[in-house]
Every structure is written in structure tokens, then in C-alpha cells.
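The block underneath contains the structure these notes are about, expressed in C-alpha cells.
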There are 2 protein chains.
Amino acid sequence: MSKIKPTSTHDENKRLLEAECPEIYASNLINGQWTVAICCYLGAGKMRFAALKKKLPAITDRMLTLELRKMEEKGLISRTIFAEVPVRVEYELTPIGHELTPVIQQLEIWGKKHKALFDKQ
Amino acid sequence: MSKIKPTSTHDENKRLLEAECPEIYASNLINGQWTVAICCYLGAGKMRFAALKKKLPAITDRMLTLELRKMEEKGLISRTIFAEVPVRVEYELTPIGHELTPVIQQLEIWGKKHKALFDKQ
DNA sequence: TATGGAGCTAACAAAAGTGTAAGTATGAGC
DNA sequence: GCTCATACTTACACTTTTGTTAGCTCCATA
């Protein structure tokens, strides 16, 4: 998750498209490898780092940290630190993050249909 | 768009997640940089290569070809070649591709809301 | 003393995605 | 013969994302 080079036309194109189309803007907000999964789990309520990690078996500490940070930056989740020992950190969907839930459900329905079509072949 | 290495845990993780969650499977189907944009334009009807290219100002021939091929593989669009001179090629959404349109519209609505929130700040 | 859990962080490496520049085949029109 | 348009293809380089490995801090408990 290095800094984006200012000379990148790749990024330039992304921004152009995002500026024109909110649907592309939206899809870019959720296209991290674990983003949608995390949204799903947090849809059911607050969760701690370790709890999320258990739900995402193959994820590493690093990836989970990065994803959560990115999602926080994007305003999808909020992060609350409890100064206990050991530290406790809770993640939770923001209001706009919650509004994403029905959209993800639509995606899920469509995904199932698409999968059914392709499993037949 | 090189071949995926079979040793890649990156890809392995993707498949694990996709197998469990149709919503992740779905989101992976639409996360090419130009995929959603192309779906939008084709939602209105068939289009030729050159017409799509005009609509996506910053795209190169190569990227458009790659995107269209990937979308064809994924069953989102179909490709019809007319053996004229010069060749004519038409792209069109498949039925399952069409069913994606309302989902994208949902994404669009959510994207606008999210954007509005962040533009204020 | 050391062991352990929670939630990270840093340095590095690999993979996937995207962009650049150049080229192809075809036949029509000049 | 030369150029034009369409819809690609190839070889290469760059950017971004993801993974590997190893660490760290805090204090409680054994």
C-alpha cells in the first residue's frame, strides 16, 4: 500500500472515471480483496481485530491491518481503541458503511445466479 | 493479463473467498478498471469497438481489447463478428450481464451518497 | 524469568493490473 | 503503389496490490 506516484496515468484514468461515474467510484471503494467480506461480518455488529481474523482464515495480520485502515480512510468503518491491557480495538460500520449492506446483498443474489449459470457448463 | 501462477497464495485466497461468498465472487467479476463503465454503455444497446473507445476517452486499444475479452470470458458480454471490410465487431450484454444493470444502479446511488458526504468535509 | 495474547509495524518480494509504442490483416479508394 | 480505417496483437515497462517473515509493546500470569 505504497504511496501513489503523481505521474501515474493509471491512477489518472481511475480518477477521471470516478469523477464522471459514481458507480465506478463506488466499485473502486469496495474492490479490496477482503473489503466486501469485512463489510459482511461487520454488518452483523462490532468486531475486534482477532475476531475478524478468525473469520477470514487465510488473511495475515498485515493484510487485515491494511484493509481495515483503507476502509477507515474511505469512511466505511470506524475504529475504537480501548486503553486496556491488552489493548482492545473494535471495528464497526459507519452509517454510510451500513447503507452498503443492501447493495452487497444485491451483488450476492446476482453472484449466485451467475455462478449457477457457469456451474452447469 | 498474464497467466496466473499456480503457486500463488494470492489467487488461492481469492478463490477461497469466492467459493464461500457469492458477493465476493460478484465483486471480483466487476472489478476491472473499465468493466463497470463498459457495462453501463452496453446497457443502452449494442456497440462497436470504436464506439466504446470514443466513450472511454483515456482507454487504449490494448486495454479495451483486454477488458472486452475478460468480460466475454466471464460471460458478461457477447461478441459478434461481421465478416465485412473493414471488419465490424459488435459487443452486447448477455442476459446475465443485463441483470447486473440494476445492481450497478444501486451502486451508483450509494456512490453519490458517499461522495456527497466526503465532498462536504 | 519467561511466556503469552492483543494489535499492530517494517523490510522485502511476488503477483496482478495497467500503460506505451509499435505492428498486423483486409480490401477500398486515390 | 500508397494510404486509410477497423479491430486487433505483441513485447516490454511501470504501478498497485497482496503476501512472507520477522519483529515490537504492553502488562498479567505462571
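Below, read A as the first sequence line, B as the second, and so on, with proteins coming before strands; counting in each chain starts at 1.
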**Study point:** Side-chain N or O of A/Lys54 closer than 4.0 Å to phosphate OP1/OP2 of C/dG5
**Key:** no

Study note, to complete from the structure: Picking from D/dT18, C/dC8, C/dA16, the nucleotide nearest the side-chain atoms of A/Thr65 would be C/dC8

Exercise for review: Select base, sugar-phosphate, or nothing to describe what B/Tyr91 touches, counting heavy atoms under 4.0 Å on all strands.
Suggested key: sugar-phosphate

**Study point:** Whole angstrom value for the distance that separates P of D/dT16 from CG of B/Asn31
**Key:** 17 Å

Practice item. Tell me which of A/Trp34 and B/Arg69 sits closer to the 5' end of DNA chain D, going by the nucleotide each one is nearest to. Key: B/Arg69

Exercise for review: Quickly work out the B/Glu12 CD to D/dT20 C1' distance and round it to whole Å.
Suggested key: 16 Å

Practice item. Measure from NZ or CZ of B/Lys46 to the centre of the six-membered ring of B/Tyr91, then state whether that distance is under 6.0 Å and the direction lies within 45° of the axis. Key: no

Point to revise | Atom-to-atom span, CD of A/Glu73 to P of D/dT16 - whole angstrom | key: 14 Å

Review point. Any side-chain donor paired with an acceptor under 3.5 Å for A/Gln33 and B/Asn13?
Key: no

Check your understanding: For B/Lys14, which contact category applies under a 4.0 Å heavy-atom criterion: base, sugar-phosphate, or nothing?
Key -> sugar-phosphate

Point to revise | Protein-nucleotide distance (A/Met63, atom CE; C/dA13, atom P), rounded to Å | key: 18 Å

Review point. In terms of the angle between their ring planes, are B/Phe118 and B/His114 parallel, tilted or perpendicular, with boundaries placed at 30° and 60°?
Key: parallel

Revision key, fill the gap. Whole-Å distance, A/Lys70 NZ to D/dT16 P, equals 12 Å

Review point. Is the phosphate of C/dG19, meaning OP1 or OP2, less than 4.0 Å from a side-chain N or O of A/Asn13?
Key: yes

Exercise for review: Return the nearest nucleotide to the side chain of B/Val87; candidates are D/dA7, C/dA11, D/dT9.
Suggested key: D/dA7

**Study point:** Listed nucleotide nearest any side-chain atom of A/Pro86, set C/dA10, C/dA6, C/dC8
**Key:** C/dA6

Check your understanding: Tell me: CG of A/Leu66 to P of C/dA10, nearest whole Å?
Key -> 11 Å

Review point. Between B/Arg79 (CZ) and D/dT6 (P), how many Å, whole number?
Key: 16 Å

**Study point:** Interatomic distance, B/Glu84 CD vs C/dG27 P [rounded to whole Å]
**Key:** 14 Å

Exercise for review: When you get a sec, tell me which of C/dG19, D/dC8, D/dT18 is the closest nucleotide to the side chain of B/Arg62?
Suggested key: C/dG19

Study note, to complete from the structure: The answer to which of B/Arg48 and A/Thr60 contacts DNA chain D further toward the 5' end, by nearest nucleotide, is B/Arg48

Exercise for review: Identify whether NZ of Lys or CZ of Arg in B/Arg88 sits under 6.0 Å from the centre of the six-membered ring of B/Phe82 and within 45° of that ring's axis.
Suggested key: yes

Check your understanding: B/Asp61 side chain: which of D/dG19, D/dC8, C/dT18 is closest?
Key -> D/dC8

Review point. In chain order, what residues pass the side-chain hydrogen bond (donor to acceptor under 3.5 Å, both in side chains) check against A/Glu108, with sequence neighbours excluded?
Key: none

